[in-house]
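Labels below follow one simple rule: chain letters A, B, ... track the order of the sequence lines, proteins then strands, and each chain is numbered from 1. Since the structure is predicted, the reported quantities are computational estimates derived from the model, not experimental observations.
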Number of protein chains: 2
Amino acid sequence: MAQHKLSIRQRNVDNILLAAEQVFAEKGFAGTAMADIAEAAQLPRSNVHYYFSTKAELYQAVLFGLLDVWKQDALCFELYDDPRIVLSSYIRAKMNHSRTRPHGSKVWANEIIHGAPNLGAALDAPLYDWAKMKEAKIRQWIEAGRILPVEPSGLLYMIWASTQHYADFSHQVGLLNDHQPLSELQFERAVQTVTSVILRGIGLEP
Amino acid sequence: MAQHKLSIRQRNVDNILLAAEQVFAEKGFAGTAMADIAEAAQLPRSNVHYYFSTKAELYQAVLFGLLDVWKQDALCFELYDDPRIVLSSYIRAKMNHSRTRPHGSKVWANEIIHGAPNLGAALDAPLYDWAKMKEAKIRQWIEAGRILPVEPSGLLYMIWASTQHYADFSHQVGLLNDHQPLSELQFERAVQTVTSVILRGIGLEP
DNA sequence: GTCTATAACGCGATAGAC
DNA sequence: GTCTATCGCGTTATAGAC
C-alpha cells in the first residue's frame, strides 16, 4: 500500500522533473508558467503544486539533478591515468550528453548566465571542489611532462564550452547547417574535431 | 532646433539601449520589467515607452546592435591571409569583447539558447552568409595544406564557445577563481591558453 | 518631450470539495 | 492524491494632463 503510493509519487515526480527541464530550457525560469510545465507533464496545474509547492523549488530540483550528470561524465578522471584516454573519454561523454539531453545543459547555462541567482552555496561548494580536483589532475600531467603547459582551468573551460556549445547553441548550429539538425555522421565528425584540436592543442597525438 | 531635438533623442535612445543590454543580460527577456530598464537608465517608465513602444521592440534593437559587434571582431579575416595571424587576431578580439562588453554576449547566448524566438529571418540570413564566408576561408587554408584538415564549422564553434565562455559564464569562472573576477594578468593568460590550444590544434606553432 | 494615473491581463499560490 | 475556483500581485501598455 505504502509502496503503491510511493510509486505513484515517484512516477509523477519524475514526469514533472523531465517536463520542467524541457520547458525551463526553452523559456527560462521567469518565462515559464507552471501551467506550461503542467501541460507538458499532462497534469493539472494544482497537481504540480502538490509535489513542488513553488516554482523555485521545482527549478532547484532540476538544477540539483544536473550536477550529478556532469559528475558522471567525468568519472574517467578517476578510472584512467593517461591524459589521452581521460580527455577523449570526457569529451565524448559530454558530447553524448549534448546530443541526448540538451535541455539540461541549457537550463544550467541559463542559470549561470544570469549570475546563478537560484544556485545557493549548496551547489557552489560541490562544484568548486569537483573542478579543483580536475585541475589538479591536469597540473600533474603538466609537471610530469605528459602534456604541454597550459592553464588547467583554461583547458577545462575550452572542453566545457566546446562540447556544451552543441547543446546550448543547437539552434544556431542547426541554422548554419542549412536549417537542419546535425546528422549522426556530422555529430560524430564534431566529436572528432573537438577531440583532435584539444589533444593536439596540448601536445598529444589524437 | 531639429538638430537639438535629434540629439536629445539620440542621447536617450543610446542610454536606454545600454541600460537594456545590461538588464536583459542579467534577467533575461521575460525576467526583466520595463521598470528595471527605466531605473537603470534613470528615466521614468513612460519615457522608455516613448522611444520603444514595446519591450519586444527594445529587445530586438539590442540584438540587432550585437551582430555588428561580432562582425567587427572578424574583420581580420579580410585584412590578413596567414591563418596564424587571422585566428590569433580573431581570438584576441573576441576575448577583449568578452572582457569589456560581457552583457551583449549574454543577451545573444540567452536568445539562441531559447531557440531565437525574437530573431527573425532578418538576422538569420546575415548570420548565415557571414559564417559561411569564414568557413570558406578555413576550407581554403586546409586545401592549401596550410592547416590540418578539420571541420571548418567545428573550428569556428570552438573559437566562439571558448572565447564567449569568459563572458557568458563569468559567474562560474569567478566562482572557480576563488570567488574573484579574473585579474588582467589572468585574463591575458586565458587569451594565451585559448590561442595556443587552437593554433596547435590545427597544426600551427603559436 | 515628459510624467501621472489607470486599465487590462497573466500568473503564482492557496483553499477547500471530492 | 486529485481537481476546481479564486484571491492578490506584478506587469505591460496606454490615455491624457502638463
Side-chain angles (χ1 to χ4, degrees), chain A residues 1-63 107 110-111 114 117-118 120, chain B residues 1-63 107 110-111 114 117-118 120:
Chain A
M1 188 99 102
Q3 183 127 36
H4 182 60
K5 272 189 187 174
L6 191 70
S7 86
I8 287 180
R9 168 169 283 270
Q10 194 66 47
R11 199 165 49 85
N12 281 339
V13 165
D14 288 349
N15 182 23
I16 292 169
L17 282 173
L18 197 69
E21 181 173 305
Q22 175 153 358
V23 180
F24 281 137
E26 285 166 2
K27 308 195 173 190
F29 176 71
T32 76
M34 290 295 266
D36 298 334
I37 297 173
E39 192 188 7
Q42 291 185 310
L43 287 171
R45 277 186 286 281
S46 316
N47 208 331
V48 178
H49 266 106
Y50 175 74
Y51 292 104
F52 298 92
S53 44
T54 70
K55 185 165 76 157
E57 186 184 325
L58 172 52
Y59 183 67
Q60 283 169 355
V62 171
L63 284 179
V107 175
N110 225 314
E111 176 67 8
H114 294 136
N118 297 285
Chain B
M1 188 97 107
Q3 183 128 34
H4 182 62
K5 274 187 183 172
L6 191 71
S7 85
I8 287 180
R9 169 169 281 270
Q10 194 66 47
R11 201 164 49 85
N12 280 339
V13 165
D14 287 350
N15 181 23
I16 292 169
L17 282 173
L18 198 69
E21 182 174 305
Q22 175 153 357
V23 180
F24 280 138
E26 285 166 2
K27 307 196 173 189
F29 176 72
T32 75
M34 289 295 264
D36 298 334
I37 296 173
E39 192 189 6
Q42 291 185 310
L43 286 171
R45 277 186 286 282
S46 316
N47 209 331
V48 177
H49 266 106
Y50 175 74
Y51 292 103
F52 299 93
S53 44
T54 70
K55 184 165 75 157
E57 186 184 325
L58 171 53
Y59 182 67
Q60 283 169 355
V62 171
L63 284 178
V107 176
N110 225 313
E111 176 66 9
H114 295 131
N118 297 286

Is any side-chain nitrogen or oxygen of A:Tyr50 closer than 4.0 Å to OP1 or OP2 of D:dG1? yes
Those residues that, when tested against B:Asn110, pass side-chain hydrogen bond (donor to acceptor under 3.5 Å, both in side chains) (two or more places apart): A:His114, B:His114
What heavy-atom pair brings A:Phe24 and A:Lys55 nearest, and what distance separates the two atoms? CZ-CG, 4.2 Å
Just say parallel, tilted or perpendicular for the rings of B:Tyr59 and B:Phe29, cut-offs at 30° and 60°. tilted
Do you know which two heavy atoms are closest between B:Ala25 and B:Val107, and how far apart they sit? N-CG2, 3.6 Å
Rounded off to whole Å, could you give me the CG-to-P distance for the A:Asn47 and D:dT2 pair? 5 Å
Spacing between B:Leu58 atom CG and D:dA13 atom C1', to the nearest angstrom: 14 Å
Test log, rule side-chain contact (heavy atoms from CB on, under 4.5 Å), inputs A:Tyr51 and A:Glu57: CA-CA 10 Å; A:Tyr51 292 104; A:Glu57 186 184 325; over 6 Å; no
Can you tell me how far C1' of D:dC3 sits from CG of A:Leu43, to the nearest Å? 11 Å
Indicate, with a heavy-atom threshold strictly under 4.0 Å, whether B:Tyr51 touches base, sugar-phosphate, or nothing. sugar-phosphate
Between atom CG of B:Leu17 and atom CD of B:Gln22, what is the distance when rounded to the nearest 0.5 Å? 13.5 Å
Give me the distances for all protein-to-nucleotides 11-13 of chain C N/O pairs that come in under 3.5 Å?
unit_1 : atom_1 : unit_2  : atom_2 : d
C:dG12 : OP1    : A:Thr32 : O      : 3.2
C:dG12 : OP1    : A:Met34 : N      : 3.3
C:dG12 : OP1    : A:Lys55 : NZ     : 3.3
C:dG12 : OP2    : A:Met34 : N      : 2.9
C:dA13 : OP2    : A:Lys55 : N      : 3.0

